[in-house]
Amino acid sequence: MSAEIPASREVPKKENRFKIWRQTRPFWAGLFTMIGGVPIAYLPYGDLRLGNITMAMQTTAGSAALIIGVLLITLGLTMWFQPVVRVFAGVATIVLGLVSIPVSNFGGLVIGYLFALVGGGMSAAWAPAPPVEETQDAEHDGRPKASDEAGAEPATEVVPAAVLPEQREAEHQATETTIDANGGRNSAG
């Protein structure tokens with residue numbers, strides 16, 4: 001469990017466990033990243049058959065495309081199981097998606113490239129939801145409570161202004177190496 005995710009006080013119901021797990025991490029970013037890694041890794045090794053015609057899409061950089069695809073799938077799993085490193089994983093996904101254009105048949109026929117860019121952008125932009133404050137007064141609707149007197153105005157609270165420290169006069173005497181600048185003294189030596 002990461003330091004960013006507060007622990008729940010109650011065990012969620014069985015139906016809600018996946019929903020809660022999905023909401024506490026960049027789930028869709030990881031899914032898009034893994035979907036983008038599949039065509040990037042597969043297309044340099046696969047072939048397309050149309051009737052009796054076989055189109056081989058193999059390239060000389062097949063091993064590099066396989067490495068990029070496997071890394072994208074690994075980064076997608078990292079987004080799911082280590083959401084703390086989501087920004088690094090997102091940036092690395094975008095970089096690998098861009099590298100896949102010249103290496104892996106135009107980024108897996110542009111399909112893998114687009115999924116990798118969308119997944120990386122979603123991961124870099126995702127932020128955990130702020131924790132929900134638990135209060136004792138659950139039925140409070142946010143409006144001020146009525147006072148004992150009918151028609152009385154709600155009391156306003158006086159908020160003190162921020163206290164600023166006062167500027168002090170110079171405690172030391174000016175010397176030859178002290179230069180008087182706008183708003184203060186600077187010592188050169």
Side-chain angles (χ1 to χ4, degrees), residues 1-135 138 140-142 162:
M1 180 167 252
S2 105
E4 294 180 5
I5 303 169
S8 175
R9 293 186 182 190
E10 59 188 42
V11 176
K13 295 179 183 177
K14 214 171 203 181
E15 304 86 41
N16 293 336
R17 285 184 185 167
F18 178 71
K19 181 179 177 183
I20 291 171
W21 180 83
R22 184 175 47 94
Q23 290 175 347
T24 57
R25 59 203 70 244
F27 176 78
W28 293 107
L31 184 66
F32 284 168
T33 300
M34 287 187 283
I35 289 172
V38 171
I40 290 174
Y42 174 74
L43 286 178
Y45 292 102
D47 56 351
L48 180 64
R49 296 174 194 232
L50 298 171
N52 292 334
I53 301 172
T54 302
M55 288 181 21
M57 303 185 56
Q58 297 175 352
T59 63
T60 58
S63 60
L66 181 65
I67 290 170
I68 290 173
V70 169
L71 283 175
L72 284 173
I73 293 170
T74 305
L75 285 170
L77 290 172
T78 301
M79 291 174 199
W80 279 2
F81 296 109
Q82 294 293 326
V84 176
V85 294
R86 66 190 178 273
V87 176
F88 167 75
V91 171
T93 298
I94 292 170
V95 169
L96 286 173
L98 290 171
V99 168
S100 73
I101 291 174
V103 171
S104 175
N105 295 334
F106 295 112
L109 295 180
V110 183
I111 296 168
Y113 163 73
L114 289 177
F115 272 110
L117 284 186
V118 169
M122 289 173 69
S123 176
W126 185 84
V132 178
E133 298 282 333
E134 293 183 17
T135 61
H140 183 65
D141 59 355

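Everything numeric here is computed off the predicted structure, so don't read it as measured data.
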Just wondering, more than 12 heavy atoms not from L50 lying within 6.0 Å of its CG? yes
Discussion item. In the structure I gave you, are the side-chain heavy atoms of Y113 and L98 within less than 4.5 Å of one another anywhere?
Written reply: yes
Closest non-hydrogen atoms of I68 and V99, given as atom of the first, atom of the second and distance, are CD1-CG1, 3.7 Å
So CD1 of I101 and CZ of F106: to nearest 0.5 Å the spacing works out to 9.0 Å
Taken to the nearest 0.5 Å, the spacing of M122 CE from L117 CG works out to 13.0 Å
**Item:** Validation row: R86, P128 side chains within 4.5 angstrom (heavy atoms)
**Value:** yes
Should W28 and L31 be marked as a side-chain contact (heavy atoms from CB on, under 4.5 Å) after you check the CA-CA gap, both sets of side-chain angles, and the distance that decides it? CA-CA 5 Å; W28 293 107; L31 184 66; 3.5 Å; yes
Taken in chain and number order and not counting sequence neighbours, the residues that satisfy side chain to side chain contact (heavy atoms under 4.5 Å, CB included) with W21 are F18, R25, F27, W80, F81
Scanning both residues in full, the closest heavy-atom pair of G97 with A116 reads CA-CB, 4.0 Å
Within 6.0 angstrom of Q82 CD, more than 12 heavy atoms from elsewhere | no
For G119, is there any backbone N or O sitting under 3.5 Å from a side-chain donor or acceptor partner on S123?
no
Interatomic distance, OG1@T93 vs CZ@F88, rounded to 0.5 Å, equals 9.0 Å
In this structure, CD1 of I40 is separated from CD1 of I111 (nearest 0.5 Å) by 10.5 Å
Can I get a per-line list of side-chain donor-acceptor pairs under 3.5 Å for residues 72-79, giving both atom names and the distance, sequence neighbours left out?
unit_1, atom_1, unit_2, atom_2, d
T74, OG1, V70, O, 2.8
T78, OG1, T74, O, 2.8

When rounded to the nearest 0.5 Å, the distance separating OG of S104 from CD1 of I67 is 12.0 Å
